[in-house]
Amino acid sequence: QVGINQTGNPPHPAAMLDVESNSKGLLPPRLNTGQRDSIQNPANGLMVFNTDLNCMQYYRPSGWYSMCPKPPLVLTTLVSGVTGISAISGGTVTDDGGTLVTARGVCWDTAASPTLSDSFSVDGVGMGVFTSTLGSLQNGTTYFVRAYATNSEGTGYGNELSFTTPNPPTVSTDTAINIGGNTAVSGGNVSQDGGAPVLARGVCYSTSPNPTTSNSTVISGSGTGVFSCTFQNLQNNTIYYVRAYASNVVGTGYGSQITFTTKKLGEASNSPALNCQQIISQGQSVGTGVYWLDPDTSGPMLPFQCYCDMTTDGGGWTLVLNYFHSGGSNPSLLVLSNRLPIQNATSLGSNESNHPTAWGHVSNSLANLLSFSSVRFYGQTSGHGRIIHFKTTLNSVISYMKSGTGSMNGLNASYSTLSGHTANIPAQIDSYHSNFGNNALTDFPFYRTALYHWGIQGTGIRWEVDDYPNGSGNHTIHQVWIK
């Protein structure tokens with residue numbers, strides 16, 4: 001034991017060194033921070049006077065500690081995980097100021113130098129690293145953040161950082177194009193991502209205004225820029241409301257609303273019907289005239305135009321044979337395998353043999369693609385005033401049209417006359433030609449021998465309507481319709 005004094009008193013029994021004076025003090029080693037930190041393997045409890053801090057410090061295994069109480073020292077952690085309503089930060093308490101850190105966290109505000117008078121978190125006590133969550137933030141807002149630590153001497157603040165919360169993306173909606181009966185094309189342009197990656201984009205649509213992603217959508221990738229979407233499985237003759245959308249972590253931004261109306265059934269090549277009966281049954285008829293059909297739907301045949309009678313006998317009749325023949329001529333017939341004739345003339349005596357779309361009759365193969373259960377025959381001639389106008393649902397007639405084999409046997413007993421019918425056939429039919437293939441409807445499919453015939457260039461020269469002129473001298477009209 002060592003005692004240092006001017007009184008001669010022995011050292012205190014509990015002390016190895018007892019320094020006693022009424023006029024002088026104890027002077028420990030005086031080091032700046034760099035010199036202090038250069039001490040190799042400092043012992044637990046080692047003491048120095050830090051000339052940078054003007055404070056006594058002692059060493060513990062966790063570091064140097066000041067004996068002069070002051071607010072703690074803290075560093076602010078970089079901000080991460082920013083969304084529209086929250087973010088992650090935190091800090092590290094590097095010096096407790098010589099007394100216990102009783103609270104720590106981060107404080108933030110939309111103005112610089114935030115303090116505990118602003119929004120703040122509380123994330124434990126003591127020295128070391130901590131993580132903080134900043135909540136209840138607003139989209140598209142710049143925030144300033146500082147870590148803090150509090151002890152009995154006050155609150156110390158860390159370095160100030162700033163960050164901006166993102167907005168939903170900005171997107172515009174394109175006008176709809178290529179509008180069909182069941183399809184259309186639209187899209188949009190994501191001009192701004194809102195400060196966060198665009199995770200999804202596309203269009204949403206509905207038959208009600210202001211569609212959202214809760215309605216039907218077409219997705220078109222991610223990111224900013226121009227995109228295009230194709231609508232499928234739409235309903236004919238229907239108004240659709242469309243908005244482009246783009247989503248990021250904040251939420252979903254929508255473009256302005258556009259509208260378009262799908263084509264009526266049969267109105268255009270991209271809105272074809274199966275037959276005229278389908279058009280009228282779905283309430284989309286605009287009257288007798290030209291419509292579009294696609295009887296094999298997704299098959300290889302392209303849609304084609306046809307002529308629909310939407311008034312006679314309830315309407316819905318598809319024209320499949322049309323010959324307005326001028327007397328004294330004997331033009332060749334035209335078998336149609338990928339389209340149907342379109343009525344042009346309306347009066348007896350017209351010559352349509354050179355018309356590009358009016359002349360011709362359905363082939364067996366095309367008839368086989370068409371769905372129908374009733375056949376209507378119409379005929380008129382300048383040779384007399386009688387008119388053929390009747391319909392039938394006889395299976396042999398339909399089968400003969402579709403296959404070209406067999407005959408129309410039994411027609412004389414299975415028909416219904418229609419408005420204007422005055423002819424002798426089909427009531428007086430006694431004969432049927434058979435197995436005439438693509439000419440099943442033209443080469444005397446039914447007749448009364450040597451009296452009343454239905455013939456369209458039959459045997460090569462005969463144009464006959466409920467008569468037997470045995471030639472081509474009369475003006476004639478022959479039409480066949482189906483539904």
Side-chain angles (χ1 to χ4, degrees), residues 1-80 88-108 113-118 120-134 144-161:
Q1 289 181 308
V2 176
I4 302 176
N5 54 56
Q6 295 177 328
T7 63
N9 293 331
H12 191 280
M16 288 298 296
L17 174 63
D18 184 354
V19 179
E20 182 181 355
S21 175
N22 292 323
S23 59
K24 293 182 174 56
L26 178 67
L27 188 61
R30 297 173 298 281
L31 307 176
N32 61 33
T33 300
Q35 292 169 330
R36 180 204 68 184
D37 290 342
S38 67
I39 298 173
Q40 299 293 318
N41 300 317
N44 189 14
L46 181 67
M47 299 175 63
V48 298
F49 181 84
N50 190 320
T51 58
D52 290 333
L53 302 177
N54 288 320
C55 183
M56 288 293 295
Q57 290 188 300
Y58 65 96
Y59 184 79
R60 294 191 303 197
S62 57
W64 289 95
Y65 290 83
S66 295
M67 299 174 68
C68 306
K70 62 180 182 180
L73 298 179
V74 61
L75 300 175
T76 308
T77 301
L78 292 176
V79 181
S80 63
I88 303 297
S89 184
T92 303
V93 180
T94 59
D95 189 335
D96 62 7
T99 186
L100 177 65
V101 173
T102 56
R104 64 188 187 182
V106 295
C107 51
W108 66 92
S113 302
T115 68
L116 292 177
S117 297
D118 302 305
F120 65 93
S121 67
V122 178
D123 303 292
V125 298
M127 298 272 289
V129 177
F130 60 91
T131 300
S132 305
T133 298
L134 293 71
F144 299 88
V145 59
R146 293 195 296 177
Y148 76 89
T150 301
N151 64 12
S152 60
E153 298 300 311
T155 298
Y157 293 95
N159 50 304
E160 181 175 86
L161 301 174

Using modelled atom types only, decide if a donor and an acceptor are shared between the side chain of T76 and the backbone of N159 within a distance under 3.5 Å.
-> yes
Hey, does the side chain of S89 reach the backbone of V79 with a donor-acceptor pair shorter than 3.5 angstrom?
-> no
Does any non-hydrogen side-chain atom of D18 lie less than 4.5 Å from one of V2?
-> no
P13 and Q1 have their tightest heavy-atom pair at O-NE2, 2.8 Å
Search all heavy atoms of V93 against all heavy atoms of F130 and return the closest pair with its distance.
-> CG2-CE2, 4.0 Å
Donor-acceptor pair, D95 side chain versus L73 backbone, under 3.5 Å?
-> no
Look at the side chain of N151 and the backbone N and O of D96, then say whether any donor-acceptor pair between them is shorter than 3.5 Å.
-> yes
Please work out whether the ring planes of Y157 and Y148 are parallel, tilted or perpendicular, with thresholds of 30° and 60°.
-> tilted
Does T115 reach the main-chain N or O of S117 with its side chain, forming a donor-acceptor pair under 3.5 Å?
-> yes
Taking the side chain from R104 and the backbone from M127, do they hold a donor-acceptor pair closer than 3.5 Å?
-> yes
D123 and S132: side-chain donor and acceptor closer than 3.5 Å?
-> yes
Kindly compute the distance separating NZ (K24) from CG (N5), expressed to the nearest 0.5 Å.
-> 13.0 Å
Where do P28 and F49 come nearest, in terms of heavy atoms and distance?
-> CG-CB, 4.2 Å
Donor-acceptor contact below 3.5 Å, side chain R146 vs main chain P114 = yes
Single hit among I39, L53, N50 for side chain to side chain contact (heavy atoms under 4.5 Å, CB included) with W64 | I39
Donor-acceptor under 3.5 Å (S121 side chain, V106 main chain) | yes
Minimum heavy-atom distance V74-G156, with the two atoms named | CG1-O, 3.6 Å
Give the intermediate values and the outcome of side chain to side chain contact (heavy atoms under 4.5 Å, CB included) for residues L27 and R30.
-> CA-CA 8 Å; L27 188 61; R30 297 173 298 281; 2.6 Å; yes
Measuring from N54:CG to C68:SG, what's the distance to the nearest 0.5 Å?
-> 8.0 Å
Nearest heavy-atom approach of T77 to L161 is O-CD1, 3.3 Å
How far does NZ of K70 sit from OG of S152, to the nearest 0.5 angstrom?
-> 13.0 Å
Looking only at heavy atoms, which two atoms of P29 and M47 are closest? And how far apart?
-> CD-O, 4.3 Å
Atom CZ in F144, atom CG in D118: separation rounded to 0.5 Å?
-> 11.5 Å
For D52 and T33, indicate whether the former's side chain and the latter's backbone hold a donor-acceptor pair under 3.5 Å.
-> yes
Taking atom CG of L75 and atom OG1 of T92, what is their separation to the nearest 0.5 Å?
-> 6.0 Å
Between CD on residue E20 and CG on residue N9, distance to nearest 0.5 Å = 5.0 Å
